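The structure appears right after this line, and notes come after that.
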Amino acid sequence: MLKQFVFIAVGIFSTTVNATSYLPLFNDISFTDDIEQISSRPNAYECSDLYNAEAYCLDSPSYYGIDDLTLVIYSQLTSTAIEIGETKPLSTIKNVELKAPLTLINYNSLLASLRRDGYVFSYLEVNGQHLDVLAGLQTLDRQSLDDQMFILANSASYNAQRKYLMMDKATFSRAYQKGYRNIKQWRNIGEKGNPESEEDKLATFTVVDDTITVLFEYPFMMPGKQ
């Protein structure tokens, strides 16, 4: 039942991605990369002041068939190394954020790309109305829940303010099988230091004003293990 439900939830939006231009982000960038590997790229520049955090930006990357993206890579200090008698701080990637101008093409392309990468909806909020998928599974059959998701996602124009929390399939399956009854309860598991939760992946898709933002994270990963 879970496998069938995930397939239906993922299929809410029917847009496809052009296979010839599709380049998955994480085929090119890894959370295990040292930040120096990022900063040495020709299109990278330090942008910490813009985001009030340690960050590098990459101009004009072309992922998921979209050419007008900005990529923001947030770093964290994880260790030090000894170089010629000195200690050198080493930083790795903490979160990765995609930003794109809000257009219908970009909206559909990014959602289709997340779906192709194995992400499924776990929470939807559109114009202040919300639906928690984990909570819905407690009381609704999968078809009724899928219908509600479709109605909510399409209750307003694509440029209306919205937020989607999307887990990868393995993360969603673990949350469902372990009996988490809503997204808030799942988010709180990180506070308990559960080692299994460190593999959980989350993508937060938001539309605010004229920008689409997708934040990728391992929300419960301890620093230095990414």
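Since this is a predicted model, take the numbers as computed values, not measurements.
- Annotation for Tyr123 and His130: closest pair OH-CB, 3.4 Å, computed over non-hydrogen atoms.
- Leu98 CG to Ile66 CD1: the interatomic distance, rounded to the nearest 0.5 Å, is 8.0 Å.
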As a quick check of understanding, evaluate side-chain contact (heavy atoms from CB on, under 4.5 Å) for Lys163 and Thr204, giving each step before the final call. CA-CA 7 Å; Lys163 177 171 69 174; Thr204 303; 4.0 Å; yes
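- Hydrophobic clustering (ILVMFWY, side-chain heavy atoms < 4.5 Å, transitive): Val120 and Tyr107 are in one cluster.
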Given side-chain contact (heavy atoms from CB on, under 4.5 Å), test Ile29 with Arg41 step by step and report yes or no. CA-CA 11 Å; Ile29 291 174; Arg41 295 188 177 210; 3.7 Å; yes
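- When side chains are defined from C-beta on, Met167 does not count as touching Asp200, because their heavy atoms never get closer than 4.5 Å.
- Atom CD of Gln185 is surrounded by more than 12 heavy atoms from other residues, nucleotides or ligands within 6.0 Å.
- More than 12 heavy-atom neighbours from other residues, nucleotides or ligands sit within 6.0 angstrom of CG on Asn43.
- Arg187 and Tyr180 share no donor-acceptor pair across their side chains, judged by distance under 3.5 Å alone.
- Evaluation of the ring-ring contact (aromatic ring centres under 6.0 Å, His included) rule for Tyr74 yields no partner, not counting sequence neighbours.
- Under a 4.0 Å N-O distance rule, the pair Lys99/Glu97 qualifies as a salt bridge.
- Looking only at side-chain heavy atoms (C-beta outward), Leu145 and Leu131 come within less than 4.5 Å of each other.
- Residues Thr171 and Asp168 bring a donor and an acceptor atom of their side chains to less than 3.5 Å of each other.
- The CD1 atom of Ile212 sits 5.5 Å away from the CG atom of Asn106 when rounded to the nearest 0.5 Å.
- With rounding to the nearest 0.5 Å, the separation of OG in Ser197 from NZ in Lys178 is 9.5 Å.
- Counting heavy atoms from C-beta outward, Leu215 and Val96 have side chains that stay 4.5 Å or more apart.
- At distances below 3.5 Å, at least one donor-acceptor pair connects side-chain atoms of Ser122 with backbone N or O atoms of Leu165.
- Nearest approach of Ala44 to Ser39, heavy atoms of both residues: CB-O, 4.0 Å.
- Heavy-atom contacts from other residues, nucleotides or ligands closer than 6.0 Å to CG of Leu104 number more than 12.
- Under the 4.5 Å side-chain criterion, counting only non-hydrogen atoms from C-beta, Tyr176 is in contact with Leu137.
- Contact annotation: the side chain of Gln148 approaches that of Leu140 to within less than 4.5 Å [non-hydrogen atoms, C-beta and beyond].
- For the residue pair Asn182 and Asp132, the shortest heavy atom distance occurs at CB-OD2, 3.4 Å.
- Between the Asp146 side chain and the Arg142 main chain, no donor and acceptor come within less than 3.5 Å of each other.
- In this structure, Ile183 is a member of the same hydrophobic cluster as Leu202, with clusters built from ILVMFWY side-chain heavy atoms closer than 4.5 Å.
- Distance OH/Tyr56 to CD/Glu36: 8.0 Å, rounded to 0.5 Å.
- The shortest distance between side-chain heavy atoms of Phe216 and Asn95 does not fall below 4.5 Å.
- Residues Gln161 and Val207 have side chains not in contact (no heavy-atom distance under 4.5 Å, counting atoms from C-beta outward).
- Asp141 and Ser144 share a donor-acceptor pair across their side chains, judged by distance under 3.5 Å alone.
- At least one side-chain heavy atom of Phe172 sits less than 4.5 Å from a side-chain heavy atom of Val133.
- Looking at every heavy atom in both residues, Ser48 comes nearest to Glu54 through OG-CA, 3.5 Å.
- Separating the CD atom in Glu125 from the OG1 atom in Thr206 is a distance of 11.0 Å, to the nearest 0.5 Å.
- Closest of all the heavy-atom pairs between Leu152 and Leu124 is CD2-O, 3.7 Å.
- Asp117 and Tyr64 are linked by a side-chain donor-acceptor pair at a separation below 3.5 angstrom, with hydrogens and angles left out of the test.
- For the pair Pro101 and Asp68, the tightest heavy-atom approach, listed with the atom from each and the gap, is CD-O, 3.2 Å.
- One N or O on the side chain of Arg162 and one on the backbone of Ala153 form a donor-acceptor pair closer than 3.5 Å.
- Taking the centre of each ring, Phe220 and Trp186 come in below the 6.0 Å mark.
- In this pair, Tyr164 and Phe205 present their aromatic rings parallel. The plane angle is below 30°, not in the 30 to 60° band.
- Side chain to side chain, Ser157 and Asn159 meet the donor-acceptor criterion of an N or O pair below 3.5 Å.
- Rounded to the nearest 0.5 angstrom, Leu114 CG and Met166 CE are separated by 5.0 Å.
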